Structure formats: C-alpha cells, structure tokens
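Worksheet: one structure, shown below.
Computed from a predicted structure; not experimentally measured.
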Amino acid sequence: MFAMDPVHLPLLFPPPLMERLRRTADIDPGLVVRDFADPADAAALASAEVLITGWGCPHLGSGVLTAAPKLDAVLHAAGSVRSLVGDALWEHGVKVSSAVTGNALPVAEYTLAMILLLGKDTFGHRERFRRTHAYPGPAETAATGNLGRRVGIIGASRVGRRLLELLRPFDLTVLLHDPYVSPAEAAALGAESLSLEDLLRHSDIVSLHAPDIPATHHMLDRDRLALVRDGGVLVNTARGALVDHAALTDELVSGRLNAVLDVTDPEPLPAGSPLYHLPNVFLTPHIAGSLGNELERLGRIVVEEMERLAAGVPPLHEVRHADLARVA
C-alpha cells in the first residue's frame with residue numbers, strides 16, 4: 001500500500017519503476033492511504049504487509065498497527081523517519097527502511113555549490129555589480145577565492161558525510177564538529193575535529209548538518225553566533241530550529257554575518273521578515289532536498305528494498321531506532 005500525498009507518486013515511481021514494483025508485490029497505485037482512521041483506508045490496509053510512505057504520510061503510530069495487523073515493513077520514499085514513525089512500530093518489530101541516503105546527495109550537492117560560490121564572494125559581487133555596473137579592482141577581490149578557505153561542517157550525518165566526500169577534490173581546509181566522531185575518524189573523512197566553539201571561531205563558512213533533536217535545539221544561539229568571525233557565512237540546509245533565528249536575524253541585519261538559508265524557523269518566514277530583502281542573505285524555499293527528477297532516485301531505492309524483502313534479504317537501508325538520536 002502507498003501512504004503519501006498522491007501528487008508525488010508519478011515522480012517517485014515513473015512507469016518503469018512502477019512496473020518493477022508490480023513484478024514484486026501486489027499493489028494498487030490508484031489507492032493511496034491518507035488517513036488510518038478513515039474506514040475505507042482502514043479496510044484497504046487490513047491485508048497490507050508493506051507500506052510505502054512518502055511526504056504527506058500520516059504519523060505512523062498505533063493506529064496504523066490497528067488498521068494493518070499484518071504490517072511487516074515500512075519503506076519510506078523520502079528522508080528522515082524521525083518524526084514519522086512512532087514508538088509503537090519500533091516496539092512491534094516492524095522493519096523500517098528509508099531512502100534518506102538518496103535524499104542526502106542533492107542536499108550535499110546544493111551545499112557544495114553554495115560553499116564554492118561563497119568562497120568567490122559571488123553574491124557580494126553580484127550585489128555590487130548591480131549597483132555600480134563596474135568590474136571590481138584588485139583591492140576588492142583580494143580576499144576572494146577558495147584556496148585554503150576554512151569550511152566548518154557541523155554534524156557528520158549522512159548529508160554531512162556525503163558533503164565531506166564532495167569537498168575532497170578542492171583546496172579547502174575542512175573542519176568538523178560531531179560529538180560521536182573521534183579525531184581519527186574525522187581525519188579519515190578528510191577533516192580536522194574541533195569543538196563546536198573552536199569550529200565557529202576558525203571557520204570562514206559554517207554549514208549545518210546536525211539532526212533536529214532536543215539536544216540540538218538552538219545549538220547556534222546568540223553567544224555561539226557571536227564566535228563566528230566578522231564576514232563569516234552560515235549555510236543551513238538542515239533544520240531552522242538548530243539556530244536561534246532572532247539572534248541570527250540581528251547578526252544579519254547588522255551586516256556582521258552572511259547566510260545561505262534553505263530552512264528557517266518558522267518555515268516559511270513571516271512576510272515582514274527582513275531576511276527576504278537583505279543583500280547578505282541568500283534565501284531559498286527548502287529546495288536543497290530531492291525535487292523534480294531527483295525523486296526517481298528515492299523511488300528506485302524503495303523498489304530495490306522491496307525486491308530484497310521479496311527475496312528474504314534484509315533491507316539495505318534499514319533504520320534502527322537507536323540511530324535516530326545521532327544521524328540525520
């Protein structure tokens with residue numbers, strides 16, 4: 001059974017992928033569950049053994065187990081399942097798999113692109129060129145360039161690790177903060193391990209890739225934002241709640257810091273927020289993750305997981321409940 005907003009189905013599972021699913025499982029693409037308490041949806045779920053979920057899926061709590069007593073596996077065709085899967089499913093032993101690794105790639109690609117553009121002061125030069133229509137002189141470009149630029153990565157999550165891989169070919173100095181990663185492991189990932197405070201002090205560009213859990217709420221508060229050097233940049237493609245947005249807004253309005261924000265808190269920002277108009281803020285509408293033709297990658301991961309289940313092979317991308325506290 002499918003449980004998601006039906007608008008996503010054609011992009012997640014174009015005809016060749018849907019045909020692969022049909023060869024593996026008894027499915028009805030025209031029947032998409034939206035409410036586990038709805039009598040019609042509950043009746044359809046009565047024989048379901050596998051639930052393919054995605055954006056728009058209702059919360060998977062005890063209600064889904066009541067409606068689907070035969071449920072053995074949830075295959076999530078999107079990112080993290082942290083807020084989707086309730087304790088009841090873990091306690092019941094339902095296998096949970098996520099295409100989060102597939103969703104990590106476009107986020108890492110977006111972040112890499114922004115880091116390289118920021119190193120060239122692309123957005124600053126664009127603003128100045130709009131005003132002056134003049135090419136910059138040597139004095140204006142003296143601090144521009146990516147050679148040795150210090151990039152601080154907060155969180156060796158799936159996105160963080162993929163970004164570390166993508167950064168390897170470039171002449172950048174990469175710093176990492178993750179309380180679960182040893183200095184030796186950080187070195188193996190191509191980064192120097194630092195405390196959060198030292199990373200903020202020594203980075204030109206700071207990129208957030210930590211999970212959104214109580215321990216990381218407002219991890220970048222007013223005091224920690226103040227540690228970032230004048231002219232430093234914050235890139236956030238993780239979750240807006242990791243940052244104290246009132247404090248960040250003050251730093252950005254003052255012009256002391258710059259930011260690339262794909263996520264905010266709240267999301268979207270109120271219409272009157274100054275961040276929409278500041279020249280030192282590049283704001284995008286939560287587009288770093290999988291969009292458009294990138295959704296097919298997520299669908300392919302789910303189809304491959306279904307084929308493993310049908311063959312009696314454990315899911316390759318299975319999520320463990322204990323891992324959710326540290327991995328995004």
**Prompt:** Is there a donor-acceptor contact under 3.5 Å from the side chain of S203 to the main chain of L200?
**Reply:** no
**Prompt:** Are K70 and E49 within salt-bridge range, i.e. N to O under 4.0 Å?
**Reply:** no
**Request:** Report yes if the side chains of L199 and V206 come closer than 4.5 Å at any heavy-atom pair, otherwise no.
**Result:** yes
**Request:** Determine yes or no for a side-chain-to-main-chain donor-acceptor pair under 3.5 angstrom, with R239 supplying the side chain and A210 the backbone.
**Result:** no
**Item:** Any donor-acceptor N/O pair, R149 side chain to G145 backbone, under 3.5 Å
**Value:** yes
**Request:** Verify the distance criterion only: is there a donor paired with an acceptor across the side chains of D262 and T284 at less than 3.5 Å?
**Result:** yes
**Request:** State yes or no: do L65 and V33 share one hydrophobic cluster built from I, L, V, M, F, W and Y residues joined by side-chain heavy-atom distances below 4.5 Å, directly or via other members?
**Result:** yes
**Prompt:** Would M306 and L11 show up in the same hydrophobic cluster when neighbours are defined by side-chain heavy atoms closer than 4.5 Å?
**Reply:** yes
**Message:** Show me the pairs that pass ring pair (Phe, Tyr, Trp, His ring centres under 6.0 Å) and involve residues 211-250, at least two apart or across chains.
**Reply:** none
**Asked** Can a salt bridge be assigned to the pair D244 and R224 using a cut-off of 4.0 Å between side-chain N and carboxylate O?
**Response** no
**Prompt:** Do the side-chain N and O atoms of E318 and S97 include a donor-acceptor pair separated by under 3.5 angstrom?
**Reply:** no
**Prompt:** Honestly curious: do V50 and L316 fall in one hydrophobic cluster under the side-chain, below-4.5 Å linking rule?
**Reply:** no
**With sequence neighbours excluded, residues passing ring-ring contact (aromatic ring centres under 6.0 Å, His included) with F170** = none
**Item:** Approximate separation, where rounding is to 0.5 Å, of H8 NE2 and T53 OG1
**Value:** 11.5 Å
**Request:** Report yes or no: do L291 and M114 belong to one cluster of Ile/Leu/Val/Met/Phe/Trp/Tyr joined by side chain heavy-atom distances under 4.5 Å?
**Result:** yes
**Item:** Side-chain heavy atoms of E127 within contact of N280, under 4.5 Å
**Value:** no
**Prompt:** Any chain of hydrophobic side-chain contacts (each under 4.5 Å) joining L172 to I205?
**Reply:** yes
**Asked** Are side-chain N/O atoms of H209 and S207 paired as donor and acceptor at under 3.5 Å?
**Response** yes
**Message:** Do L118 and F123 have side chains that approach each other closer than 4.5 Å (heavy atoms only, starting at C-beta)?
**Reply:** yes
**Message:** Using a 3.5 Å distance criterion without hydrogens, assess whether the side chain of N103 forms a donor-acceptor pair with backbone atoms of S290.
**Reply:** yes
**Message:** Any side-chain to backbone donor/acceptor pair from R308 onto P315? Under 3.5 Å, distance only.
**Reply:** no
**Message:** Any side-chain to backbone donor/acceptor pair from T216 onto M219? Under 3.5 Å, distance only.
**Reply:** no
**Asked** So, do D28 and F2 sit near enough that their side-chain heavy atoms are less than 4.5 Å apart?
**Response** no
**Prompt:** Do R150 and D204 sit within salt-bridge range, that is, some charged N less than 4.0 Å from a carboxylate O?
**Reply:** yes
**Asked** Charged N to carboxylate O under 4.0 angstrom, K95 versus D72?
**Response** yes
**Message:** Taking E185's backbone N and O only, do any of them form a donor-acceptor pair with S182's side chain (distance below 3.5 Å, no angle check)?
**Reply:** yes
**H177 side-chain N/O to L194 backbone N/O, donor-acceptor pair under 3.5 Å** = yes
**Asked** If only atom types and distance count, is the side chain of S273 paired as donor or acceptor with the main-chain N or O of P270 below 3.5 Å?
**Response** no
**Fill in**
Taken in chain and number order and not counting sequence neighbours, the residues that satisfy side-chain contact (heavy atoms from CB on, under 4.5 Å) with P14 are P16, L17, E296
**Request:** Please say which of L208, V151, V235 ends up in a side chain to side chain contact (heavy atoms under 4.5 Å, CB included) with T111.
**Result:** V235
**Item:** Polar side-chain atom of D265 near backbone of V243 as donor-acceptor pair, under 3.5 Å
**Value:** no
**Salt-bridge contact D121-R128 (side-chain N to carboxylate O under 4.0 Å)** = yes
**Message:** Is it true that H317 and E305 share a donor-acceptor pair across their side chains at a distance under 3.5 Å?
**Reply:** no
**Message:** In the structure I gave you, are the side-chain heavy atoms of W55 and L295 within less than 4.5 Å of one another anywhere?
**Reply:** yes
